[in-house]
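What follows is a single structure, written as structure tokens, with notes after it.
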There are 2 protein chains.
Amino acid sequence: MTTELRDLPVRAVDCLKYIYKMRERGEKVTTSAMRELLETQEQSGQLSDAAVTQLFKLLAKEGFVEHTPYRGVELTPRGEAVAAESVRHHRLLELFLARQLGYSLDEVDAEAEKLEHAISESFEDRLDTLLGHPVVDPHGDPIPNKAGEVIDEPSLPLTQLEPGREAVVRRVSDDNAEMLRYLTQLGLVPGTRVQMRGREPFEGPLRVFIGEDAGGQERVIGVQVAGSVRVAPTTR
Amino acid sequence: MTTELRDLPVRAVDCLKYIYKMRERGEKVTTSAMRELLETQEQSGQLSDAAVTQLFKLLAKEGFVEHTPYRGVELTPRGEAVAAESVRHHRLLELFLARQLGYSLDEVDAEAEKLEHAISESFEDRLDTLLGHPVVDPHGDPIPNKAGEVIDEPSLPLTQLEPGREAVVRRVSDDNAEMLRYLTQLGLVPGTRVQMRGREPFEGPLRVFIGEDAGGQERVIGVQVAGSVRVAPTTR
DNA sequence: CATTTATTTTTACATCTGTTAAAGTTACTA
DNA sequence: TAGTAACTTTAACAGATGTAAAAATAAATG
């Protein structure tokens with residue numbers, strides 16, 4: 001086990017975790033992007049770019065990232081191991097909060113963020129057992145196993161589902177609580193069946209049938225909303 | 001709600017909590033006693049007396065304690081409110097760890113110590129509901145309610161139980177993991193029935209019958225062990 | 001391709017929290 | 001009650017982590 005995680009400042013671990021998540025989405029990890037993420041996701045309020053630069057330099061010195069000045073950072077294998085364990089903690093906790101304590105989809109992220117730095121290896125293992133060795137969290141995001149490996153179920157953004165095709169919601173973006181409340185209200189949560197009814201060109205709105213035949217209904221949603229949802233098409 | 005708890009440094013909150021617990025036991029809160037407690041209970045390793053003095057001055061300036069230089073500190077009502085909430089977090093978590101995650105009596109304190117600073121008001125309330133609004137933790141220590149009040153079941157140290165008298169174990173001291181493992185092995189845990197069979201003078205060993213008639217057995221224990229156990233005599 | 005604009009890094013400095021060592025206070029003892 | 005031992009506080013300073021503003025670099029534009 002690595003568990004260097006517990007020797008690093010909380011903010012440094014979060015930083016590695018966010019690099020991991022940005023790479024999951026294929027985004028480049030720049031100084032200002034990281035500053036924005038840390039500002040919105042941590043409860044710390046404002047943060048300067050200079051602080052992020054210093055963080056990058058610390059992480060580079062300790063061998064967790066490659067830092068190319070003025071270009072951004074990338075995880076080394078060591079950094080990825082720490083990030084994966086942090087993400088594992090976070091997502092196990094999210095599932096626990098949703099399942100055992102009745103938290104809603106938009107609440108779990110903030111609470112897990114605070115708890116993930118406080119739990120021990122033993123707590124992690126017991127939670128994993130209690131939850132039945134889960135592989136996805138309540139948002140549908142994969143939970144890395146102890147070795148840091150994830151099961152990557154193929155999915156595509158709802159925006160790319162062809163008209164007429166049916167699908168099952170697999171993942172919803174976890175980083176915007178307000179969006180999650182809206183998605184929950186629409187019923188666009190992991191496990192729900194959907195059918196694309198129509199798409200307007202030029203980033204126009206989408207008509208989507210949400211739910212099972214009788215209980216479901218057709219809704220019109222914007223691309224930003226649809227872009228927050230990933231689906232797995234149903235084979236026909 | 002006070003909840004000033006979340007604006008204070010972790011160590012300051014711990015300090016208030018330990019003042020609260022020392023007063024529970026009727027001990028005086030001196031600089032060096034607090035240093036020892038912080039060293040053993042937090043995982044921070046060594047600590048200087050000077051650091052504790054500075055902590056006392058900070059807490060006094062903010063109105064959480066009365067500090068009489070060279071004499072020690074006492075909680076103000078504000079300090080007591082924060083301490084009680086901290087203790088509430090700690091003991092609810094201990095019960096959760098023991099009940100839901102199968103932690104043993106000697107493990108819960110250290111894990112709860114780390115988690116108690118990370119949980120939100122909402123988490124506290126949901127845990128309280130999940131556990132059925134409990135009034136004692138796994139060691140038998142009372143859990144303050146939201147108003148900071150505790151139910152104080154009368155009990156006396158096992159060392160003071162008269163020969164021949166029967167009793168039920170109510171509380172075990174929570175601050176020594178090794179002692180807790182020994183007590184667990186003996187069966188001297190909250191809820192167990194005991195009968196005092198004999199006491200030797202001059203702090204000598206005690207003969208105690210532990211358990212129900214058939215399954216129980218007589219053991220000889222030292223005063224330090226017996227002093228870690230509080231019991232409620234069975235009326236006859 | 002020179003210049004402007006945006007971004008990132010460096011520098012100088014502030015704050016918080018800890019340390020060690022000296023000085024101060026209290027309590028014990030002969 | 002003077003002297004000493006134990007404990008506590010103060011003073012000087014150190015390290016970690018933050019900021020603001022200046023300097024450096026990269027990217028965009030006429």
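For clarity, every value in this text was computed on a predicted model and none was experimentally measured. As a basis for the values below, the full set of heavy atoms in this structure was taken, side chains included, without hydrogen atoms, waters or symmetry mates. A, B, ... follow the sequence lines: proteins, then strands. Residue 1 opens every chain.
Atom P of nucleotide D:dA6 and atom CD of B:Glu36 are separated by 15 Å, given to the nearest angstrom. Here the C1' atom of nucleotide C:dT19 and the CG atom of B:Leu38 are 16 Å apart, to the nearest Å. The distance between atom CE of A:Met34 and atom P of C:dT9, rounded to the nearest whole Å, is 12 Å. Rounded to whole Å, atom P of C:dT17 lies 11 Å from atom CD of B:Glu62. At whole-Å resolution of the value, CG in B:Asp14 and P in C:dT17 are 14 Å apart. To the nearest angstrom, P of C:dT8 lies 10 Å from OH of A:Tyr70. Regarding B:Lys61, its NZ atom lies at a distance of 10 Å from the P atom of C:dT17, rounded to whole Å. Across the protein-nucleic acid pair, B:Leu47 atom CG and D:dT9 atom P stand 14 Å apart, rounded to whole Å.
Put simply, B:Arg71 has no side-chain N or O that comes within less than 4.0 Å of OP1 or OP2 on D:dT9. Contact check, B:Thr30 against D:dT8: a side-chain N or O comes under 4.0 Å of OP1 or OP2. A:Thr53 has no side-chain polar atom (N or O) that falls below the 4.0 Å cut-off from OP1 or OP2 of C:dT10. Checking the phosphate oxygens (OP1, OP2) of D:dT8, no side-chain nitrogen or oxygen of B:Lys57 falls inside 4.0 Å. Remark: B:Arg35 is not in phosphate contact with C:dG18, judged by side-chain N or O atoms under 4.0 Å from OP1 or OP2. In terms of phosphate contacts, B:Ser32 brings a side-chain nitrogen or oxygen within less than 4.0 Å of OP1 or OP2 of D:dT8. At least one side-chain nitrogen or oxygen of B:Ser48 sits closer than 4.0 Å to the OP1 or OP2 atom of C:dT19. For D:dT8, the OP1/OP2 oxygens have no side-chain nitrogen or oxygen of B:His67 closer than 4.0 Å.
With respect to B:Arg88 and B:Glu116, no salt bridge is recorded, no charged nitrogen being found less than 4.0 Å from a carboxylate O. With salt bridges taken as basic N to acidic carboxylate O contacts below 4.0 Å, none links A:Lys21 and A:Glu27. Taking a cutoff of 4.0 Å between a charged side-chain nitrogen and a carboxylate oxygen, B:Lys17 and B:Asp14 qualify as a salt bridge.
Of the candidates D:dT8, D:dA11, C:dT8, D:dA11 carries the atom nearest the B:Ala50 side chain, counting heavy atoms from C-beta on. Nearest nucleotide to the side chain of B:Arg11, out of D:dT19, C:dG18, C:dG24: C:dG18.
Here the shortest heavy-atom pairing between A:Gln100 and B:Leu130 reads O-CD1, 3.9 Å. In terms of heavy atoms, A:Val229 sits closest to A:Val172 at CG2-CG1, 4.3 Å.
Across all strands shown, B:Leu55 has no heavy atoms under 4.0 Å from either base or sugar-phosphate atoms.
Side chains of A:Asp137 and A:His90: no donor on one and acceptor on the other come within 3.5 Å.
DNA chain D is contacted by both A:Lys28 and A:Pro9; A:Pro9 maps to the nucleotide lying nearer its 5′ end (nearest heavy atom per residue). Comparing A:Pro69 and A:Asp49 against DNA chain D, the residue whose closest nucleotide sits nearer the 5' end is A:Asp49.
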